[in-house]
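Take a look at the structure below.
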2 protein chains.
Amino acid sequence: MELNTTTKISEAVIRRLTDYLRCIRCAGEAGRDMLTSLEISERCGLNASIVRKDLAQFGAYGVKGMGYNVRDLTRQINKILGLDKLKDVVLVGAGHLGTAIIRYPGFADVNFNFIAAFDTDPEKIGKTIGQAEVYPVEDLKPFIRKHGIQIVVLTVPSSEAQAIVNDLDPDYVKGVLNFTAVVFPPKQNNMFVHNIDLAKELEVISYCMKNCLSQGS
Amino acid sequence: MELNTTTKISEAVIRRLTDYLRCIRCAGEAGRDMLTSLEISERCGLNASIVRKDLAQFGAYGVKGMGYNVRDLTRQINKILGLDKLKDVVLVGAGHLGTAIIRYPGFADVNFNFIAAFDTDPEKIGKTIGQAEVYPVEDLKPFIRKHGIQIVVLTVPSSEAQAIVNDLDPDYVKGVLNFTAVVFPPKQNNMFVHNIDLAKELEVISYCMKNCLSQGS
DNA sequence: TTGTGAAAGTTATAACTTTCACAAATTGAA
DNA sequence: TTCAATTTGTGAAAGTTATAACTTTCACAA
């Protein structure tokens with residue numbers, strides 16, 4: 001099949017691709033070098049044909065009768081998602097969560113590189129977290145301009161979130177990952193904002209437990 | 001409309017309810033006491049009628065011509081999701097991420113109470129993080145049994161994840177929130193496992209940026 | 001070289017979800 | 001009390017997504 005260039009890809013497909021990527025990586029680390037759609041589907045809690053359909057949509061990456069090659073498929077999905085190139089990211093708010101995020105191995109796995117952190121606390125400024133040095137938050141704007149930063153991760157206290165987002169320059173910043181309790185609309189000043197609620201999955205589990213649902217990922 | 005007891009509620013609806021809850025709370029803190037479906041929809045990046053339909057499905061919580069009462073709606077959604085009762089939760093792996101999660105205010109907001117943490121590092125044992133004391137990981141199993149713990153949050157190094165999950169007693173533990181890079185199937189020993197990938201939203205942003213999509217939350 | 005089994009790729013259909021459009025209900029002002 | 005302005009709740013239509021069923025292709029072994 002031809003590589004899909006015209007059809008609109010839904011966000012649900014993209015989210016599943018990230019799941020495939022993760023479970024394929026996980027299987028690869030366990031020594032597997034081929035995986036079938038059935039296996040991927042079981043690991044992700046899906047139906048096998050949706051896995052095949054999702055992947056076939058972007059090109060025929062499998063080998064009939066055999067399955068998908070772990071190394072190749074990883075490379076292909078990385079390419080689809082734009083994870084094949086290193087991306088510089090900055091973090092604002094070097095507290096517990098910010099520190100944990102910079103150190104979270106999952107970001108490096110997908111080529112996100114935290115090159116700097118920003119905070120108001122003078123105690124923290126000048127220190128390094130992982131590879132990232134901590135700068136005063138006043139330096140954020142010029143830093144973004146100078147380094148052409150496109151993605152900002154927000155882990156400041158909720159009370160400060162709005163002011164920082166308002167001050168981001170949409171000529172540079174295209175995406176914001178918001179870990180604060182403030183809910184931003186998905187498009188803000190032409191930037192994509194994704195609100196992340198760590199409690200969300202726990203809330204979903206809570207509902208599942210209460211209602212004894214069997215359910216997917 | 002009668003309260004829904006028969007129709008199957010999809011997980012997508014539940015996820016949206018958690019979004020509503022969050023944005024309603026956020027509006028409430030900003031001093032609002034009524035919200036219309038349109039306002040909620042805009043904050044969440046959705047269509048207004050889906051908000052109405054989602055809420056109406058569980059009962060008529062709105063007032064025609066006026067909108068939804070912030071306080072009442074919060075209470076209703078909390079009830080639907082089973083967040084109206086305090087739930088004890090334990091954390092395994094008291095590293096950076098574990099510490100950040102225990103301190104994350106979003107969990108307390110929805111009545112999740114971290115009552116203990118477990119770790120292998122003798123340095124950490126005996127200390128407290130938030131309200132939670134850190135115990136040796138050997139004490140996990142008896143602790144779960146003694147306190148009837150139903151939810152476990154997993155923030156250990158990936159290499160240890162499998163062993164800990166295998167050792168959880170499904171007679172007590174119903175839900176696992178897995179922050180490690182290991183991907184577990186959604187049902188493991190009759191426990192609900194939710195795999196959380198902090199990098200996932202960044203991957204989605206990456207794709208959106210690459211393809212200049214306009215998209216929802 | 002050919003036959004066989006396995007699993008990808010593909011199509012058609014069923015199931016589900018979202019949106020539209022409007023009736024019903026409520027408030028507040030005239 | 002009535003009227004206008006709102007906004008919910010909801011049935012039907014449209015649109016989308018997932019599933020099942022089918023066809024094709026590949027690798028391997030005889």
Side-chain angles (χ1 to χ4, degrees), chain A residues 1-4 6-17 19-20 24 27 32-70 72-73 76-77 80 186 213-217, chain B residues 1-4 6-17 19-20 24 27 32-70 72-73 76-77 80 186 213-217:
Chain A
M1 193 210 200
E2 287 303 304
L3 220 144
N4 185 312
T6 49
T7 323
K8 200 201 150 198
I9 308 296
S10 76
E11 194 177 318
V13 175
I14 300 307
R15 289 183 180 276
R16 282 199 301 269
L17 286 181
D19 290 341
Y20 304 157
I24 293 161
R32 305 292 307 274
D33 51 38
M34 291 295 278
L35 279 179
T36 68
S37 59
L38 184 65
E39 279 184 283
I40 297 174
S41 72
E42 282 168 352
R43 287 164 185 259
C44 295
L46 300 166
N47 179 297
S49 52
I50 206 173
V51 175
R52 292 199 294 275
K53 205 174 181 184
D54 282 346
L55 296 176
Q57 189 168 181
F58 294 97
Y61 302 139
V63 182
K64 293 181 180 176
M66 298 297 282
Y68 298 88
N69 179 283
V70 165
D72 291 348
L73 191 54
Q76 296 290 359
I77 298 179
I80 294 166
L213 286 181
S214 63
Q215 40 76 70
S217 153
Chain B
M1 193 209 201
E2 288 302 304
L3 220 143
N4 185 312
T6 49
T7 322
K8 202 199 148 200
I9 307 295
S10 78
E11 194 178 318
V13 175
I14 300 308
R15 289 183 179 275
R16 281 198 302 269
L17 286 181
D19 290 340
Y20 303 158
I24 293 162
R32 304 294 304 274
D33 51 39
M34 290 297 279
L35 279 179
T36 68
S37 59
L38 184 65
E39 279 184 282
I40 297 174
S41 73
E42 283 168 352
R43 285 163 186 261
C44 295
L46 299 166
N47 179 299
S49 55
I50 207 169
V51 175
R52 292 201 293 275
K53 207 156 233 174
D54 282 347
L55 297 175
Q57 190 168 180
F58 295 97
Y61 302 139
V63 182
K64 291 183 181 178
M66 298 298 282
Y68 299 86
N69 178 284
V70 165
D72 291 349
L73 190 54
Q76 296 291 358
I77 298 178
I80 294 165
L213 286 181
S214 61
Q215 41 78 69
S217 155

Residue B:Lys64, side-chain heavy atoms: nucleotide from D:dT10, D:dC28, C:dA24 that is nearest: C:dA24

Pick base, sugar-phosphate or nothing for A:Gly65, based on heavy-atom distances below 4.0 Å to the nucleic acid. base

Could you check whether B:Ser49 gets within reach of a base, just the sugar-phosphate, or nothing at all, counting any heavy atom under 4.0 Å? base

Separation of [X] atom [atom1] from [N] atom [atom2], in whole Å?
X	N	atom1	atom2	answer
B:Glu11	D:dA18	CD	C1'	15 Å
A:Leu46	D:dT19	CG	P	8 Å
B:Phe58	D:dG9	CZ	C1'	15 Å
A:Met34	C:dA6	CE	P	15 Å
A:Leu17	D:dT17	CG	P	14 Å
A:Ile50	C:dA12	CD1	P	19 Å
A:Asp54	D:dT17	CG	P	11 Å

Please figure out whether A:Lys53 or A:Tyr68 has its closest DNA chain C nucleotide nearer the 5' end. A:Tyr68

Distance from A:Leu55 atom CG to A:Arg16 atom CZ, nearest 0.5 Å? 10.0 Å

Could you measure the distance from the CD1 atom of A:Ile77 to the OH atom of A:Tyr68? Nearest 0.5 Å is fine. 9.5 Å

Taking only N and O in the side chain of B:Asn47, is any of them less than 4.0 Å away from OP1 or OP2 of C:dC20? yes

Answer yes or no: does a side-chain N or O of A:Arg52 lie under 4.0 Å from OP1 or OP2 of C:dG9? no

Between B:Leu35 and A:Ser10, which is nearer to the 5' end of DNA chain D once each is assigned its nearest nucleotide? B:Leu35

A:Met66 or A:Val13, whichever maps to the more 5' nucleotide of DNA chain D: A:Val13

If D:dC28 has a Watson-Crick or G-U wobble mate with both distances under 3.5 Å, name it; if not, just say none. C:dG3

